[in-house]
Amino acid sequence: MSFFQNTCKPKGLGGSLMVNMMNIGHSPMAEWGLKHIKINKNDISLDVGCGGGANIKKLLEKSPKGKVFGIDYSEVSVRKSKKVNKFAVERKHCEILQGNVQELPFANETFDLATAFETIYFWSDIDQSFSQIYRVLKKGGIFMVCNESNGENDKDKEWTEIIKGMKIYTSKEIKYSLEKAGFTHIETNKNAKGWLCVVARK
């Protein structure tokens, strides 16, 4: 397996190195994305494809009286996320699970907010995944997708040849799948760097 394949599902030493790199490298994009949503201090949030847990930490800071859940299908990512958020996990302010976005292990209408940073590229069935997120969100809940690549740059698309199973979506494709799942009030934001943030409401 190539080193870059670890962006899809981190494994072993290479995976551990990758989640450390992603925690640092994706931070500016995540901060930019979070500016497009309002997070209340008592919100119950879910970070889907939580990777190394850096964005869980950001969500915890914004909801000090709430709770943040993380889920990822990589054992390496879950382990790193728990380490990064050890204090919050020990105090039951945070819970991190290993699982698949297509079969989220949560009850209907559990969360006020769901986020997906740099992860939908690797979801094998984006329609099913969005439907699952819709199911676990409360009525009026917010779902935010934030990507460094917006599908409009040929150079970005070269990554799909390097990383098996990766697909880069345009804002129109994301909006279409969100609408199929039932989401409304869909807003799209892009910046000069090509970053993409899509916010939708249940």
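The basis for the numbers below is simple: all heavy atoms, side chains too, and nothing from hydrogens, waters or symmetry mates. For clarity, every value in this text was computed on a predicted model and none was experimentally measured.
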For [X] versus [Y], what's the shortest heavy-atom pair and its separation?
| X | Y | answer |
| --- | --- | --- |
| L60 | A88 | CD1-CB, 3.6 Å |
| F183 | F143 | CE2-CB, 3.8 Å |
| V84 | G53 | CG1-O, 4.0 Å |
| N40 | K38 | OD1-CE, 3.4 Å |

[X] with [Y], same ILVMFWY side-chain cluster at under 4.5 Å:
| X | Y | result |
| --- | --- | --- |
| L97 | W123 | yes |
| L59 | I37 | yes |
| I39 | F117 | yes |
| V145 | I186 | yes |

Residues, nucleotides or ligands: over 12 heavy atoms within 6.0 Å of E90 CD: yes
More than 12 heavy atoms from other groups under 6.0 Å of NZ on K58: yes
Using a 4.5 Å cut-off on heavy atoms from C-beta on, say whether the side chain of [Y] contacts that of [X].
| X | Y | value |
| --- | --- | --- |
| N55 | T115 | no |
| K190 | S171 | yes |
| M29 | C146 | yes |
| I96 | I71 | no |
| K41 | S63 | no |
| F87 | R91 | yes |
| K62 | L34 | yes |

Distance-only criterion, 3.5 Å: show the donor-acceptor pairs between side-chain atoms of residues 127-138 and protein atoms not counting sequence neighbours.
unit_1, atom_1, unit_2, atom_2, d
D127, OD1, S177, OG, 2.8
D127, OD2, K180, NZ, 2.7
Q128, NE2, Q102, O, 3.2
S129, OG, D125, O, 2.8
S131, OG, D127, O, 3.0
Q132, OE1, L104, N, 2.8
Q132, OE1, R135, NH2, 3.1
R135, NH1, F106, O, 2.8
R135, NH1, N108, OD1, 2.8
R135, NH2, L104, O, 2.9
R135, NH2, F106, O, 3.2
K138, NZ, D112, OD1, 3.3

Calculate, to the nearest 0.5 Å, the distance between atoms [atom1] and [atom2] belonging to [X] and [Y] respectively.
| X | Y | atom1 | atom2 | answer |
| --- | --- | --- | --- | --- |
| I56 | E61 | CD1 | CD | 12.5 Å |
| E187 | C197 | CD | SG | 9.5 Å |
| D43 | K67 | CG | NZ | 14.5 Å |
| E173 | I120 | CD | CD1 | 9.0 Å |
| I44 | L46 | CD1 | CG | 11.0 Å |

Is a side-chain N or O of [X] found less than 3.5 angstrom from the main chain of [Y], in a donor-acceptor match?
| X | Y | answer |
| --- | --- | --- |
| D72 | C50 | yes |
| R201 | I142 | no |
| N85 | K82 | no |
| N191 | W195 | yes |
| Y121 | S149 | yes |
| T110 | A107 | yes |

Polar side chain donor-acceptor pair, K175 to T170, under 3.5 angstrom: no
Plane angle bin for F111 and F69 - parallel if under 30°, tilted between 30 and 60°, otherwise perpendicular: perpendicular
Derivation of the salt bridge (Lys or Arg N to Asp or Glu O under 4.0 Å) call for K35 and E31: CA-CA 7 Å; K35 291 178 181 177; E31 292 285 359; over 6 Å; no
Worked verdict on E109 versus K139 for salt bridge (Lys or Arg N to Asp or Glu O under 4.0 Å): CA-CA 7 Å; E109 300 188 357; K139 185 176 181 180; over 6 Å; no
Within residues 34-67 or reaching into it, pairs that qualify as ring-ring contact (aromatic ring centres under 6.0 Å, His included) - sequence neighbours excluded: W32-H36
From CA spacing to verdict: side chain to side chain contact (heavy atoms under 4.5 Å, CB included), L196, I174: CA-CA 10 Å; L196 173 64; I174 293 171; 3.7 Å; yes
Residues E148, K193: salt bridge by 4.0 Å N-O rule: no
